[in-house]
2 protein chains.
Amino acid sequence: MSAPEVIPLQPAFYNPQARLCAECRVRRFALFGALDEAALEHIHGQIAEIRLAPGESLYRMQQAGQAAYTVRSGVVRLERTNERGERRILRLAGRSDTVGMEAMLGQSYAADAVACTEVMVCRLPRHLLDELTRDQPALLRDMMKRWQRALDDADEWLTELCTGPARRRVLRLLLKLSEFAEHDEEPVWLPARQEMSAMLDMTVETASRLISQLKREGVLTAHGQRSATLHMDALLQTLRDENLDAGA
Amino acid sequence: MSAPEVIPLQPAFYNPQARLCAECRVRRFALFGALDEAALEHIHGQIAEIRLAPGESLYRMQQAGQAAYTVRSGVVRLERTNERGERRILRLAGRSDTVGMEAMLGQSYAADAVACTEVMVCRLPRHLLDELTRDQPALLRDMMKRWQRALDDADEWLTELCTGPARRRVLRLLLKLSEFAEHDEEPVWLPARQEMSAMLDMTVETASRLISQLKREGVLTAHGQRSATLHMDALLQTLRDENLDAGA
DNA sequence: CGCACAGTTGAGACTCATCAAACCACGTGG
DNA sequence: CCACGTGGTTTGATGAGTCTCAACTGTGCG
């Protein structure tokens, strides 16, 4: 539950980090795609890699943010606690998503960021943006694309997971979870029922009932508590049926 | 319902436009806050002011966008139509909000933008961003702040209007509508029941019932079909009661 | 005046929340 | 190793909230 805002960088990491940044570029993970070798050399020293266990928080709402974070692996949830103490999960961030960009603008964080699974992130310090503004204006376009991506994700979250009956919302959540799988046909992270309820605005009981029902229907198979295999053909077919039902 | 993507600028508007941009700056409407007089002179010629009647659309989803738009007055809704033909309103934009920024990045629009009331917008052409990148990198920070604002709005919309029972969602919508009023204590724009249902994910009947009920309770008074006076003290008190009920 | 369409209201069906109890997974200590 | 406690999950019974279908009313416009 600690917030490792500043992590002492192991000397041994300096070299691997340069390699990681280069890999990011190769894989079009985007932010530094336009950087040349020299600029990359200059920047990679400022970027730290951080590991979080499930439940650990990356930052908290209203903290004066010092960095944004790009997710390298795992799933991070962005959530808010309203005046009545209820949590609401705003959206999830997976590999190559960036969270906490508001820190780059000198603003405090707009939500809590908490690891759902084991997570690796790269820390992008606030002053990086200032340097980029000065030296590499072209990079700012990549930054802006990240903001736009976050906005697209938010809009999609709202239209997919905040609309329609509970069963359809659960099905769409499963579909979204499949996007976070490392490889196709691999087990996906299965959120706790309480997390589901905070994502889909329903009670834990309803989430539990629907997941159990979908297990019986053969849409998913659980392996342990926090992992499941999705049977994508069944899932997609069920989702289609669901959409037709309401249309008829 | 037309999309006035390119509007022939009346010669008589060139001078007033310069004045308008200057006013924007004075009122901290932000985007060009950092511009000096000369840069302002250079830019204002590229900015056109557009007027829309209620129901007219500013742009449509998937169009190859050529411009972003800053709302000068009135209310614009961002909405999507899903695969089943149902509309979902993502959020509202009012004075000083900017919509369609994805066009600045060469992307197509991510949603439809439709005027809810009579609307005045300023058109910011796509090439403006390129010029700013080249000549005034400091301005890009203002652009990024606009993206962040849109993201904050999206997050707030989700937590306020997509959570809890129907009555609370309607109350919070009324509260949000009060933010779009030109002056305090002025009549606000009252959405059609169908618009409310698309904003709050409920049926028109439920929206109608709740609005009628709130009229009887003295929370609002309608003037004609599309306008109402909100009695803020009653509204805020009702909202407080609502929050306590569920907590007890 | 009368048509078309938005808004309102009612009755019944269905979904989902609430409350309660049982079940299960996991870690702790005997 | 098992007993046990804790907290998450599942399931059931019941009621509140919301949707559906339908009728009626109000508003604006030709």
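Computed over heavy atoms, backbone and side chain alike; hydrogens, waters and symmetry mates excluded. Chain naming here is simple, since letters A, B, ... match the order of the sequence lines and numbering starts at 1 in each. None of the values given here were measured: they were computed from a predicted structure.
Between A/Y109 and A/Q62 the shortest side-chain heavy-atom distance does not fall below 4.5 Å.
Salt bridge B/R149/B/D97: present, at least one basic N to carboxylate O contact under 4.0 Å. The existence of a salt bridge linking A/R51 and A/E118 is confirmed by a sub-4.0 Å separation between a basic side-chain nitrogen and an acidic carboxylate oxygen.
Here the P atom of nucleotide C/dT18 and the CG atom of A/D201 are 10 Å apart, to the nearest Å. One interatomic measurement links the two molecules: CE of A/M202 to P of D/dG17, which rounds to 19 Å at whole-angstrom precision. As a whole-Å value, the separation of A/L190 CG from D/dT9 C1' is 12 Å. Taking atom CD of residue A/Q194 and atom C1' of nucleotide C/dA17, one finds them 15 Å apart after rounding to whole Å. At whole-Å resolution of the value, CZ in B/R168 and C1' in D/dT18 are 15 Å apart. Distance CE (B/M196) to P (D/dT18): 16 Å, rounded to an integer number of Å. For the pair B/L200 CG and D/dG17 P, the computed distance is 18 Å after rounding to whole Å. Rounded to a whole Å, the CD1 atom of A/I211 is 17 Å from the P atom of D/dG8.
Not one side-chain nitrogen or oxygen of A/R193 sits closer than 4.0 Å to the OP1 or OP2 atom of D/dT11. Between A/T203 and the phosphate of C/dT18, there is no side-chain N or O to OP1/OP2 separation shorter than 4.0 Å. Taking only side-chain nitrogens and oxygens, B/S208 comes nearer than 4.0 Å to OP1 or OP2 of C/dT8. Between A/T206 and the phosphate of C/dA17, there is a side-chain N or O to OP1/OP2 separation shorter than 4.0 Å.
Taking five base pairs at each end of the helix from C/dC1-D/dG30 to C/dG30-D/dC1, the local helix axes there meet at an angle of 30°, rounded to 10°.
Closest to the side chain of B/K215, out of C/dC16, D/dT11, C/dT8, is C/dT8.
Among the atoms of the strands shown, none is found under 4.0 Å from any heavy atom of B/R169.
Partners of A/D153 according to the salt bridge (charged side-chain N to carboxylate O under 4.0 Å, His left out) rule, which considers only residues two or more places apart in sequence or in another chain, do not exist here. Partners of B/W157 according to the side-chain hydrogen bond (donor to acceptor under 3.5 Å, both in side chains) rule, which considers only residues two or more places apart in sequence or in another chain, do not exist here. Among residues two or more places apart in sequence or in another chain, the salt bridge (charged side-chain N to carboxylate O under 4.0 Å, His left out) test is passed with A/R87 by A/E79.
Between atom CG of residue B/L190 and atom CG of residue B/L174 there is a gap of 7.5 Å, rounded to the nearest 0.5 Å.
Residues of residues 219-226 of chain B having a heavy atom closer than 4.0 Å to DNA chain D: none are found.
Counting only N and O atoms by type, the side chains of B/T70 and B/T98 include a donor and acceptor under 3.5 Å apart. No hydrogens or angles considered: a donor-acceptor pair under 3.5 Å links the side chains of A/Q237 and A/R240.
Under the 3.5 Å distance criterion, the side-chain polar atoms of A/S227 are left unmatched by any main-chain donor or acceptor of A/G224. Looking at A/R88, its side chain does come within 3.5 Å of a backbone N or O of A/A198 through a donor-acceptor pair.
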Could you list the protein-to-nucleotides 10-12 of chain C atom pairs, N/O on both sides, closer than 3.5 Å?
from: C/dG10; atom 1: N7; to: B/R209; atom 2: NH1; distance (Å): 2.8
from: C/dG10; atom 1: O6; to: B/R209; atom 2: NH2; distance (Å): 3.1

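Residue B/L177 comes nearest to B/L92 through the heavy atom pair CD2-CD1, 4.1 Å, listed as atom of the first residue, atom of the second, then distance.
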